[in-house]
Amino acid sequence: MIFNKRTHTCGELNTGNIGESVTLNGWIAKRRDLGGLLFIDLRDRYGLTQLKINPDKKDIYETALSLGNEFVISATGKVIKRESINKNIPTGEIEIDVDILQILNESEITPFVVEEEIKATEELRLQYRYLDLRRKQMTDNLVMRNEVYQIVHQYYYKQNFIEVETPVLMKSTPEGARDYLVPSRVHKGKFYALPQSPQTYKQLLMVSGLDRYVQICKCFRDEDLRADRQPEFTQIDVEMSFVDQEDIFRISEGLYREIWKKILNYDLPETFNRITYDEAMNTYGIDKPDFRIKDIMKITDITDTVRNVDFKVYQESISDGGIVAAVNLSREKCLLKGEVTRKIIDNYTELVKKLGLGGLGYVKYNTDGQIQSPLSKFLGEDIMINIKNILEAKEGDTVFIASGKKSVVLSALGQLRLKIAEENNLLDDKKFEFVWITDFPLFHWEEEDKCFVGEHHLFTMPKPEYLHLLDSKDKDEIESIRANCYDLVLNGNEIGSGSIRINVSDIQKKVFSIVGLSDDEANEKFGFLLKAFKFGAPPHGGVAFGFDRIISILKGIKSIREVIAFPKTVSASSLMDECPSKVTDVQLNELGLRIKEEK
RNA sequence: GGAGUCGUAGUUCAGUUUGGUUAGAACGCCUGACUGUCACUCAGGAGGUCGCGAGUUCGAGUCUCGUCGAUUCCGCCA
């Protein structure tokens with residue numbers, strides 16, 4: 001097709017171009033037909049420009065009347081100053097007085113109107129993703145995503161990192177997330193797995209002496225989805241040799257400072273906050289605390305304060321090894337507007353009950369000095385004042401008290417703080433609080449299977465002071481082992497995770513043995529890695545960051561689907577191309593597979 | 001695997017509480033009028049498998065059960 005190619009985009013013309021003859025190519029966003037005069041908003045990725053069609057030019061006018069939304073056209077004409085200016089768009093002071101109008105392609109009526117204030121459901125938007133992506137908001141998300149790619153590549157390149165591609169077809173290992181499997185045609189009955197992360201490869205690259213590795217790569221996990229979890233997602237994968245935790249933090253913090261400066265012109269601190277896993281759990285009841293609210297409603301253990309109180313519920317919790325803990329809903333710090341009413345408290349009670357608590361006690365310290373609490377006859381005034389002092393509560397504050405199993409109490413109070421923070425608009429999405437969570441446990445006890453499993457992965461180095469406990473047979477001692485393992489948390493979202501790795505086979509063997517992996521099993525699963533480690537594995541460690549989450553947070557968007565060009569639904573299917581889909585018997589035969597009939 | 005919410009015109013929704021006339025509105029679409037609009041305006045029109053399948057009932061968009069899809073959360077995701 002011969003057509004007039006654009007001389008400019010739809011976003012760049014302004015009063016400086018007045019008098020020039022230009023050609024624009026784009027999609028029809030809107031037509032306004034005034035009977036004589038006809039205006040067209042022409043859209044491309046860069047913006048909108050108004051075309052003016054004069055009825056005196058008969059041919060053009062006739063063509064223009066036949067145009068529908070989303071037709072692709074080429075328009076040539078002179079840039080002129082508008083008679084009435086539209087201040088809402090950058091090109092709002094000019095328009096094109098069209099002399100040549102070509103239809104490059106027609107469009108059927110679209111299933112939804114392509115407009116910024118989109119009305120269509122997400123389902124329909126996903127089905128016609130290519131139309132949804134015509135919207136500026138969606139294009140902008142991808143544009144920002146691209147800018148961050150470039151910053152990441154350049155940042156690491158300048159610091160001497162080498163970007164290496166690792167295989168997408170790899171060995172399946174049953175640990176961790178469920179693998180996506182790919183059947184082998186050549187080796188019938190055998191399977192590749194898509195990487196949950198390039199973990200083993202990047203460690204092998206350290207053995208190879210690559211020293212500093214980075215890759216922006218796709219990872220795959222066949223687990224149930226969430227707003228911030230897709231079956232395939234993108235990760236900034238990093239590994240370094242001859243480093244400790246501090247080196248990894250320094251390099252990573254530099255990356256985020258650069259991204260936030262360049263993208264948002266936002267200055268992040270020279271070093272990020274840090275908190276140990278145990279502190280995070282004990283103070284915030286969650287391993288990804290939102291540091292925008294780090295000073296409100298900290299969880300305080302008051303088990304000792306109420307130890308001798310004659311209240312059956314507390315006594316039972318304490319004698320079962322549980323705790324009693326409290327948070328102070330501070331009128332001042334939480335910017336409360338109204339009273340903490342019975343209805344609000346009932347609402348909170350309902351929340352914590354869902355999370356496994358029996359109920360939620362409270363003590364209200366009223367502004368008139370009165371203390372109001374359903375627990376007052378059990379606690380007595382002295383203890384209620386004691387609690388007030390410990391929690392640093394003031395008149396007008398309400399202290400919530402929970403009791404029970406430690407993990408349940410902490411988690412429920414943690415969720416309660418988040419709910420209250422949300423209700424009172426304490427979570428400003430223009431504010432960015434990074435925090436490293438350090439010293440994760442090396443193992444956790446899996447009650448269901450009665451065994452230990454690695455908290456991070458099995459190559460995570462224990463902290464030196466805990467190494468001797470690898471020989472322990474005591475469950476509590478083993479659980480107490482802390483690792484050189486860390487997460488990066490931003491505004492309550494886990495955006496990265498990493499560790500210093502084990503590079504000494506003696507330690508590695510002990511770790512395998514604690515999770516019940518025999519030498520033979522370990523060899524079968526990770527033999528290639530263990531063998532490699534026999535040939536001089538340098539001390540090394542790394543980290544991986546969730547790229548999609550970073551972009552969604554930069555954009556202030558909850559769901560990572562909005563920042564992925566072609567995402568999947570929560571049931572892991574793609575509505576546009578309808579995958580997954582059936583394959584032919586011929587394909588199955590070639591792979592030596594047969595589909596099991598569902599009963 | 002479990003819990004919640006949603007599914008009605010091309011689209012977004014109202015109607016479902018308390019079953020009962022011809023299922024409404026806005027946007028979009030079609031026709032006509034309109035020479036400075038930018039959410040153009042005005043007049044008219046077309047457009048419905050009430051997600052699907054059973055059941056209850058004289059009668060179901062509305063009640064019950066099942067099922068499918070979307071979404072949020074729990075489990076799960078080192």
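In what follows, every heavy atom counts, from backbone to side chain, and hydrogens, waters and symmetry copies are set aside. Below, chains carry the letters A, B, ... as their sequence lines are ordered, and counting in each starts from 1. This one's a predicted model, so the numbers in the text were calculated from it and none came from an experiment.
- Contact annotation: Thr121(A) does not reach the phosphate of rC13(B) (side-chain N/O to OP1 or OP2, under 4.0 Å).
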Trace of the side chain to side chain contact (heavy atoms under 4.5 Å, CB included) decision for Glu123(A) with Leu575(A): CA-CA 8 Å; Glu123(A) 191 172 357; Leu575(A) 298 179; 3.8 Å; yes
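- Put simply, the side chain of Gln50(A) and the base of rU37(B) share a donor and an acceptor less than 3.5 Å apart.
- Distances shown here put a side-chain N or O of Ser571(A) below 4.0 Å from the OP1 or OP2 atom of rA70(B).
- Using a 4.0 Å cut-off on heavy atoms, the residues of residues 25-37 of chain A that approach RNA chain B are Lys30(A), Arg32(A), Asp33(A), Leu34(A), Gly35(A), Gly36(A), Leu37(A), listed by number.
- Pair check for rC38(B) finds none; no Watson-Crick or G-U wobble contact set falls under 3.5 Å.
- Of the possible donor and acceptor atoms, none in the side chain of Ser552(A) sits under 3.5 Å from a partner among the backbone N and O of Ile560(A).
- Base pairing annotation: rG28(B) forms no Watson-Crick or G-U wobble pair, as no partner gives both donor-acceptor distances under 3.5 Å.
- Under a 3.5 Å cut-off, the side chain of Tyr486(A) and the backbone N or O of Gly496(A) do not form any donor-acceptor pair.
- Note that OG1 of Thr569(A) and CD of Gln230(A) are 8.0 Å apart. Values are rounded to the nearest 0.5 Å.
- Contact of Asn69(A) with rG28(B) (side chain to base): no donor-acceptor pair of N or O atoms is detected under 3.5 Å.
- Contact annotation for Leu124(A): backbone-only contact, meaning every heavy-atom pair under 4.0 Å involves sugar-phosphate atoms and none involves a base.
- Proximity of residues 75-87 of chain A to RNA chain B (heavy atom under 4.0 angstrom from any strand atom) is restricted to Arg82(A), Glu83(A), Ser84(A), Ile85(A), Asn86(A).
- Using cut-offs of 30° and 60° for the angle between ring planes, the Tyr180(A) and Phe220(A) rings count as perpendicular.
- As judged by a 4.0 angstrom heavy-atom cut-off over every strand, Val570(A) is placed among the base-contacting residues.
- Counting any heavy atom pair closer than 4.0 Å across all strands shown, Asp179(A) reaches no nucleic acid atom.
- Scanning atom types as modelled, no donor and acceptor separated by under 3.5 angstrom connect the side chain of Arg221(A) and the base of rC77(B).
- We find that the ring of Phe39(A) and the base of rU37(B) stack, their centres lying under 5.5 angstrom apart and their planes tilted less than 30°.
- Classification of the Tyr130(A)-Tyr128(A) ring pair by plane angle, with boundaries at 30° and 60°, yields perpendicular.
- Annotation: the span from Leu357(A) atom CG to Thr349(A) atom OG1 amounts to 10.0 Å, rounded to 0.5 Å.
- The minimum heavy-atom distance linking Asn347(A) with Lys419(A) is given by the pair OD1-NZ, 4.0 Å.
- As rounded to the nearest Å, rU64(B) and rC77(B) have P atoms that lie 37 Å from one another.
- Base pairing analysis places rG48(B) opposite nothing; no Watson-Crick or G-U wobble pair with both distances below 3.5 Å involves it.
- Across all strands shown, Ser573(A) has heavy atoms under 4.0 Å from sugar-phosphate atoms exclusively, and none from any base.
- For the side-chain hydrogen bond (donor to acceptor under 3.5 Å, both in side chains) with Glu562(A), the qualifying choice from Lys555(A), Arg125(A), Gln137(A) is Arg125(A), the only one to do so.
- Considering Arg32(A), Arg31(A), Lys30(A) as possible partners of Asp41(A), the one that fulfils the side-chain hydrogen bond (donor to acceptor under 3.5 Å, both in side chains) test is Arg32(A).
- Judged by distance alone, with hydrogens and angles left aside, Glu108(A) brings no side-chain donor or acceptor close enough to the base of rG10(B) to form a pair under 3.5 Å.
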